[in-house]
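By convention here, the first residue in the shown sequence is residue 1. As the structure lists them, so they are numbered: ligands from 1, and atoms in each ligand from 1.
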Amino acid sequence: MGGSKKRKRKRNEEQRGGTVYSERENPPDFALLASLYPEFHPFVQFLHSHSRPTIDWTDFNATRQLTRVLLHHRHALNWWIPDGNLCPTVPNRSNYIHWLQHLLSSDIIPNTISSDGKFRGFDIGTGASCIYPLLGASLHGWSFVGSDVTNVAIEWAERNVNSNPHISQLIEIRKVQDNASDPCVEVEESVNGDKIALCGSTDVEVAPLPLDLHACENRNYHGPPILVGVVRDDEKFDFCMCNPPFFESLEEAGLNPKTSCGGTSQEMVCPGGERAFITRIIEDSTQLKDQFRWFTSMVGKKSNLKYLTSKLWEVGVAVVKTTEFVQGRTCRWGLAWSFLTPLQKTPVSLPDKKNTSFMLEGLQRQYAAINVLEAVNSYFSSHGLSCTLNTSSFTVDVAAAKDDCDLILRNGLPIINKSIDCQPTREASSGSSLNLSSERLCFYISVFQQIPGTLLVKGSLQDRNSTLSGAFSMIFQKLEEALRDKFCTK
Ligand SMILES: C[S@@+](CC[C@H](N)C(=O)[O-])C[C@H]1O[C@@H](n2cnc3c(N)ncnc32)[C@H](O)[C@@H]1O
């Protein structure tokens with residue numbers, strides 16, 4: 001993509017208050033992963049000494065192994081899916097989670113549900129991979145209900161949850177009961193034995209391409225329940241999320257020959273496509289407006305984004321937010337809405353005591369995420385706090401004794417020195433190497449690249465019940481000032 005197109009996209013996003021989420025700047029290190037994971041090694045192609053190793057993106061087994069090793073290496077998650085099921089790409093799914101974290105920690109709307117920062121989400125169509133609950137629980141400690149309609153998805157989602165006992169109590173997998181009396185006809189058997197139910201005439205599946213979007217404009221969703229009938233009357237959630245069946249037909253789903261992410265017909269296809277599916281979520285949201293703070297969905301086509309946004313205003317929502325997810329050459333959009341009356345306009349980042357974040361925008365050209373991470377490390381170590389820089393997870397672990405915290409609370413922390421030496425103190429192989437103790441404040445800072453020139457800096461307390469969280473907020477605010485001062489153009 002040309003530079004002017006990129007700039008135009010960013011400008012458009014900024015105009016409507018969104019952010020472009022992209023992980024394209026941090027590609028996986030295939031050579032490293034091959035050396036760490038012998039099962040992945042056969043899939044890595046070392047073509048030329050001067051080019052990066054790669055994998056065959058059209059080979060389902062290769063993309064599935066890549067997802068497995070990335071989830072293990074970056075997130076310490078055990079994971080697998082059966083042959084032919086939709087294989088999620090980790091950067092794309094992580095982007096949605098980053099965006100949600102951003103929405104939830106902002107105060108665009110009041111926090112009527114989770115007072116303790118432990119957010120609860122509903123993942124519509126969690127799939128065999130159960131990717132969103134696994135990422136949300138491991139990255140942020142969120143709890144989830146993950147729903148799906150197929151037996152294969154339910155069985156494998158449960159397996160994936162149970163393979164990760166450290167977060168399994170945070171995730172409930174819920175089968176959607178399809179009691180609809182719609183005249184659905186079963187027309188096809190998938191590789192896993194689950195049947196696809198297409199409602200009405202089967203010519204939907206063989207619609208000629210390119211797809212005529214107007215043809216499905218009046219087509220309603222006739223499938224199993226999505227939210228109404230699945231969410232219980234006494235349940236409340238901070239958000240729902242959804243990666244919907246995007247396509248109207250299997251032909252349309254199989255259009256990208258450059259990648260192989262698998263996907264059965266049930267996972268990929270819905271009569272009326274994503275437009276019909278998300279329209280149903282919007283209709284359901286009008287009935288469940290008091291049970292969710294945010295309703296969100298991924299959207300695959302920009303034309304649908306416009307259509308759905310106008311639908312939202314029609315049904316009387318109070319807030320709509322959109323964003324763009326960029327991965328390689330693929331663009332997806334995030335759509336969020338709420339019926340809660342927005343609070344007055346406030347800065348994007350607000351500390352919620354346990355987790356807090358800010359966007360570092362307008363980064364000077366010569367600086368990348370690693371420079372910011374190194375500066376975070378130098379900043380804390382130069383003030384006598386114990387820290388560990390971990391470049392594989394892009395985090396800095398920090399620990400401060402109670403006395404240091406008292407001192408910081410009384411006197412504040414000096415602003416970072418402009419000429420600070422950005423050198424890492426030591427490297428840890430993975431995870432935190434610091435001792436947790438009730439007398440110490442332990443937290444970690446992570447840095448995520450959003451787009452070139454924009455980083456998300458996040459601080460998280462290790463001990464969510466720490467009595468020293470006041471010191472944490474103050475230290476984090478000082479860090480924000482210091483990093484802005486050092487890295488951002490005035
Ligand atoms: C595109 S896949 C997404 C899977 C996974 N969340 C991901 O991002 O890789 C869509 C999923 O929605 C499920 N699905 C379809 N209709 C549904 C419904 N009414 N309620 C819940 N899940 C549904 C499909 O079985 C499939 O697993």
Side-chain angles (χ1 to χ4, degrees), residues 60 63-64 67 71 79-82 84-97 100 121-136 144-158 160-161 171-180 182 184 188 190-199 220-231 240-248 250 252-254 256 259 261-274 276-281 283-284 296-301 325 327 330 332 334:
F60 173 79
T63 54
R64 176 171 56 177
T67 295
L71 285 174
W79 177 89
W80 196 244
I81 50 166
N85 274 246
L86 179 63
C87 179
T89 56
V90 177
N92 166 286
R93 302 309 196 273
S94 305
N95 278 339
Y96 194 166
I97 295 286
L100 277 173
F122 190 102
D123 179 26
I124 300 165
T126 198
S129 66
C130 193
I131 184 76
Y132 289 127
L134 292 178
L135 283 175
F144 279 89
V145 171
S147 73
D148 212 291
V149 283
T150 75
N151 291 332
V152 173
I154 294 294
E155 181 195 328
W156 277 86
E158 278 170 353
N160 280 316
V161 171
I171 305 171
E172 176 198 329
I173 302 300
R174 189 175 296 174
K175 175 98 163 77
V176 173
Q177 300 301 333
D178 184 7
N179 302 322
D182 290 312
C184 295
E188 186 180 321
S190 84
V191 286
N192 296 301
D194 279 311
K195 296 206 169 174
I196 177 170
L198 290 181
C199 301
N220 293 329
Y221 174 81
H222 292 291
I226 299 183
L227 285 176
V228 171
V230 184
V231 173
C240 71
M241 65 190 307
C242 180
N243 181 10
F246 285 132
F247 303 109
E248 280 222 272
L250 272 180
E252 192 197 2
N256 186 354
T259 59
C261 293
T264 63
S265 43
Q266 296 101 317
E267 290 173 310
M268 312 297 285
V269 178
C270 156
E274 63 174 10
F277 199 87
I278 301 170
T279 300
R280 170 59 68 87
I281 300 178
E283 287 160 6
D284 283 1
T296 76
S297 180
M298 182 109 87
V299 180
K301 290 197 189 93
F325 304 116
Q327 194 211 342
T330 312
R332 300 275 184 242

W156 (side chain) donor-acceptor with W80 (main chain) under 3.5 angstrom: no
Nearest non-hydrogen partners of P225 and V176, listed with the distance: O-CG1, 3.3 Å
Per-atom contacts of ligand 1 with F277, taking only distances under 4.0 Å to non-hydrogen atoms: 16 (N), 17 (C)
Ligand 1 versus C270: contacting region, heavy-atom distance under 4.0 Å: neither
Side-chain (D148) to main-chain (I154) donor-acceptor, under 3.5 angstrom: no
Distance filter under 4.0 Å to Y132 heavy atoms, resulting ligand 1 atoms: 8 (O)
Check: S94 and L135 side chains under 4.5 Å, non-hydrogen atoms: yes
Ligand 1-proximal atoms of V230, by part, heavy-atom distance under 4.0 Å: neither
Shortest protein contact, atom 11 (C) of ligand 1 (heavy atom only): G125 O, 3.6 Å
Under 3.5 Å donor-acceptor, Y132 side chain and G125 backbone: no
Check: D148 N/O within less than 3.5 Å of ligand 1 N/O: yes
Ligand 1 to N243 polar contact by distance, N or O atoms, under 3.5 Å: yes
Parallel, tilted or perpendicular: ring planes of Y221 versus F277, cut at 30 and 60 degrees: perpendicular
Least distance between heavy atoms, I171 atom then I173 atom: CG2-CD1, 3.9 Å
Numbering as shown, the atoms of ligand 1 that approach I226 to under 4.0 Å (heavy-atom distance): 19 (N)
Atoms of ligand 1 close to Y221 [distance to a heavy atom under 4.0 angstrom, numbered from 1]: 19 (N)
Minimum-distance protein heavy atom relative to atom 15 (C) of ligand 1: V149 CG2, 3.9 Å
N160 side-chain N/O to C130 backbone N/O, donor-acceptor pair under 3.5 Å: no
Under 4.0 Å to a heavy atom of G127 - the qualifying atoms of ligand 1, by number: 4 (C), 27 (O)
P225, portion touching ligand 1 at heavy-atom distance under 4.0 Å: backbone
Nearest protein heavy atom with distance in Å, relative to atom 2 (S) of ligand 1: E267 O, 3.4 Å
Whether R64 side chain and C87 backbone form a donor-acceptor pair below 3.5 Å: no
Ligand 1 atoms in contact with S147 (distance to a heavy atom under 4.0 Å): 21 (C)
Those atoms of ligand 1 less than 4.0 Å from some heavy atom in V176: 20 (N), 21 (C)
